[in-house]
Amino acid sequence: MAFLTESLPNYINGRWCASTATEYIDVFNPATTEILAKVPLSPTSEVNQAAEAAAEAFVTWRRTPPTERVQYLFKLKNLLEEHFEDLARTITLECGKTLAESKGEMRRAIENVEVACGIPVMMQGTNLEDIAQGIDEIMIRQPLGVCAVISPFNFPGMIPLWFMPYALACGNTYIVKPSEKVPLTMQKIFQLLEKTGLPKGVVNLVNGAKATVDAILDHPKIRAISFVGSTPVAKYIYSRAAANGKRVQCQGGAKNPIIILPDADMEMTRRIAADSAFGCAGQRCLAASIAITVAEARHTFTEAIAETAKTRIVGNGLDPGVEMGPVITAASKARIEGLIQKGTENGATLLVDGRQPKIPGCEQGHFICPTILQNVDPASEIAQTEIFGPVLSLIHVNSIDDAIAIVNSHPYGNMACLFTTSGAAARKFRYEAEAGNIGINIGVAAPMAFFPFSGWKESFFGDLHGQGNHAVEFFTQTKVVVERWPSDWSRQF
Ligand code: NAD
């Protein structure tokens with residue numbers, strides 16, 4: 001690993017530069033607690049340099065034809081494929097998920113680069129001749145200027161690429177502020193961006209935490225902010241950036257319910273539900289956190305999921321055969337274990353207790369094994385709070401209406417799923433469930449890059465989501481031109 005304990009550089013105006021930060025944070029491998037690098041908490045002056053460089057680069061970049069702009073993305077796509085294994089390994093090292101999960105993440109990241117390559121078609125405007133006699137009206141899309149992303153720890157490779165490829169393809173210039181917990185993957189992706197030959201200043205990387213973010217939120221030349229992270233921070237960023245006149249989209253936290261009807265294919269449901277709840281150690285914004293069993297499913301599903309949870313192989317994500325890695329930090333582990341404890345104090349019973357596991361060779365790592373609480377009160381803290389760990393809460397009800405009522409009473413609305421073999425039940429659920437991403441016999445209903453990632457309620461603040469056409473709308477402003485060209489043909493020709 002090339003990073004070791006060096007302090008990571010920023011990438012500003014086409015150059016790697018050491019930060020002038022006076023404070024640093026250690027980056028850990030969560031499976032071993034080995035220190036991988038030091039990340040600088042970059043000062044405002046470095047955000048200013050990045051914003052100025054990006055603003056200057058914008059003048060030429062926006063005039064570069066879209067067909068030329070996407071050539072850099074085609075190159076990036078090829079470089080990401082070439083370095084796929086190394087990028088996946090880096091994600092596992094700093095984030096803890098299994099190598100297979102890291103590869104899945106990078107596949108989704110690349111998919112966004114591929115979709116953004118379609119910008120010469122996606123960015124087209126509309127027009128209508130003769131809105132009045134001899135007068136035409138056209139709507140064109142123009143880029144905004146400098147845009148930035150502030151991203152969370154759980155998808156260090158994919159989440160910045162939910163936004164950056166579209167922003168660049170639309171003619172904007174860009175600043176990435178990765179999570180300070182997992183900055184290494186973006187170091188590598190920026191090394192690849194450098195190789196594409198993008199003009200200096202078009203992409204910039206500034207490491208840091210809150211103070212760096214605040215400098216981004218306040219910089220007058222940064223026109224738009226994309227944020228992904230927890231709901232309290234999403235609300236803060238949404239309000240501060242909007243108060244500064246910026247366009248903002250903020251994807252927040254989640255508490256995703258899945259409903260299991262008695263007619264579901266229980267073998268398939270068990271497998272998919274376990275992957276949803278325990279995959280990536282439950283640290284996915286689309287992880288199932290609550291399973292609501294309806295009528296007889298209470299018995300069939302409960303037995304099946306308990307067995308699956310107990311037998312999941314937990315360990316270092318780099319080791320073959322491992323099905324689940326650690327959670328991100330010691331603080332996260334302590335928080336999750338505290339919530340499990342509170343759940344039991346509030347009346348839930350522990351069906352599977354994954355606390356304090358011994359993982360041979362990773363004794364210091366931040367591990368919690370799959371945990372299941374049953375008889376959870378829908379109003380209790382464990383049922384309401386985002387746990388962001390491998391913990392599934394079981395709630396039992398007697399009808400699909402009761403189950404949907406629980407889904408809809410929840411403040412979050414990132415994802416809701418139904419397991420059934422009934423088309424009528426599926427349609428009712430799709431129609432009534434108050435969440436923006438819906439799964440029917442799917443456990444992680446993650447929209448492909450050509451669909452918007454549609455969180456609702458406390459899971460999203462803004463109007464336009466990430467990915468697909470929403471991304472094109474977000475990263476462009478419309479201009480409408482009404483034209484009249486009076487002519488006297490006989491005289492001119
Ligand atoms: P986080 O909110 O702690 O941090 C996200 C980013 O915000 C980081 O870059 C961090 O440096 C910055 N930040 C943190 N506190 C800040 C503050 N007070 N002021 C300004 N900036 C601040 O989130 P996390 O722990 O890195 O990620 C996990 C969260 O992200 C979970 O809640 C998860 O549900 C959510 N998430 C949501 C989605 C989605 O699509 N809705 C996707 C992935 C993760």
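Every number for a ligand or one of its atoms is a count from 1 in the order of the listing.
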Exercise for the section: Scan side-chain atoms only and decide if E34 and Q364 contain a donor-acceptor pair under the 3.5 Å cut-off. Expected result: no

Handout entry: Any protein heavy atom < 4.0 Å from atom 21 (N) of ligand 1
Key = yes

Exercise for the section: Answer yes or no: is there a donor N or O on one side and an acceptor on the other, between the side chain of R223 and the main chain of L144, under 3.5 Å? Expected result: yes

Handout entry: Polar atom proximity, T231 to ligand 1 (N or O, under 3.5 Å)
Key = no

Practice task
Give, for atom CG of L73 and atom CG of L79, the distance between the pair rounded to the nearest 0.5 Å.
Solution key: 11.5 Å

Problem - Distance-only side-chain donor-acceptor flag, W16 / Q191, under 3.5 Å - result: no

Practice task
Assess F227 for proximity to ligand 1: is some non-hydrogen atom of it under 4.0 Å away?
Solution key: yes

Exercise for the section: Could you tell me whether N414 approaches ligand 1 through its side chain, its backbone, both or neither, with non-hydrogen atoms closer than 4.0 Å? Expected result: side chain

Fill in the blank from the handout: Quick look: F155 vs ligand 1, heavy-atom contacts under 4.0 Å, and the answer is neither

Practice task
Specify the protein heavy atom at minimum distance from atom 37 (C) of ligand 1: its residue, its atom name, and the distance to 0.1 Å.
Solution key: G252 O, 3.0 Å

Exercise for the section: Could you tell me whether the side chain of N112 and the main chain of P165 form a donor-acceptor pair under 3.5 Å? Expected result: no

Exercise for the section: Return the orientation label for the F453 and W162 ring planes: parallel under 30°, perpendicular over 60°, tilted otherwise. Expected result: tilted

Handout entry: Spacing of S380 atom OG and I395 atom CD1 [to the nearest 0.5 Å]
Key = 7.0 Å

Practice task
Heavy-atom contacts with G253 under 4.0 Å: which atoms of ligand 1 show up? List them by number with element.
Solution key: 32 (O), 34 (O)

Problem - From SG (C285) to NZ (K255), nearest 0.5 Å - result: 14.0 Å

Problem - Closest protein heavy atom (residue, atom, distance) for atom 35 (C) of ligand 1 - result: G229 O, 3.1 Å

Practice task
Could you tell me whether the side chains of Y236 and R240 share a donor-acceptor contact shorter than 3.5 Å?
Solution key: yes

Practice task
Can you see which heavy atom on S226 is nearest to which on F475, and at what distance?
Solution key: OG-CZ, 3.9 Å

Practice task
May I ask you to identify the nearest protein heavy atom to atom 34 (O) of ligand 1, giving residue, atom name and distance to one decimal place in Å?
Solution key: E386 OE2, 2.6 Å

Exercise for the section: Starting from atom 13 (N) of ligand 1, locate the nearest protein heavy atom and write down its residue, its atom name and how far away it is, to 0.1 Å. Expected result: V233 CG1, 3.9 Å

Exercise for the section: Answer with side chain, backbone, both or neither: which part of F388 has a heavy atom less than 4.0 angstrom from an atom of ligand 1? Expected result: side chain

Fill in the blank from the handout: Looking only at protein heavy atoms, what sits closest to atom 19 (N) of ligand 1 is K210 CG, 3.4 Å

Exercise for the section: Among all protein heavy atoms, pick out the one at the shortest distance from atom 44 (C) of ligand 1; state its residue, atom name and that distance to 0.1 Å. Expected result: N154 OD1, 3.3 Å

Completion exercise
atom 8 (C) of ligand 1: closest protein heavy atom, distance to 0.1 Å, is S151 O, 3.2 Å

Handout entry: Min heavy-atom dist W162 to ligand 1 below 4.0 Å
Key = yes

Completion exercise
I159 heavy atoms within 4.0 Å reach ligand 1 at atoms 42 (C), 43 (C)

Fill in the blank from the handout: Closest to atom 2 (O) of ligand 1 among protein heavy atoms sits S230 OG, 2.6 Å

Handout entry: Donor-acceptor contact present, side-chain S276 to main-chain A288, <3.5 Å
Key = yes

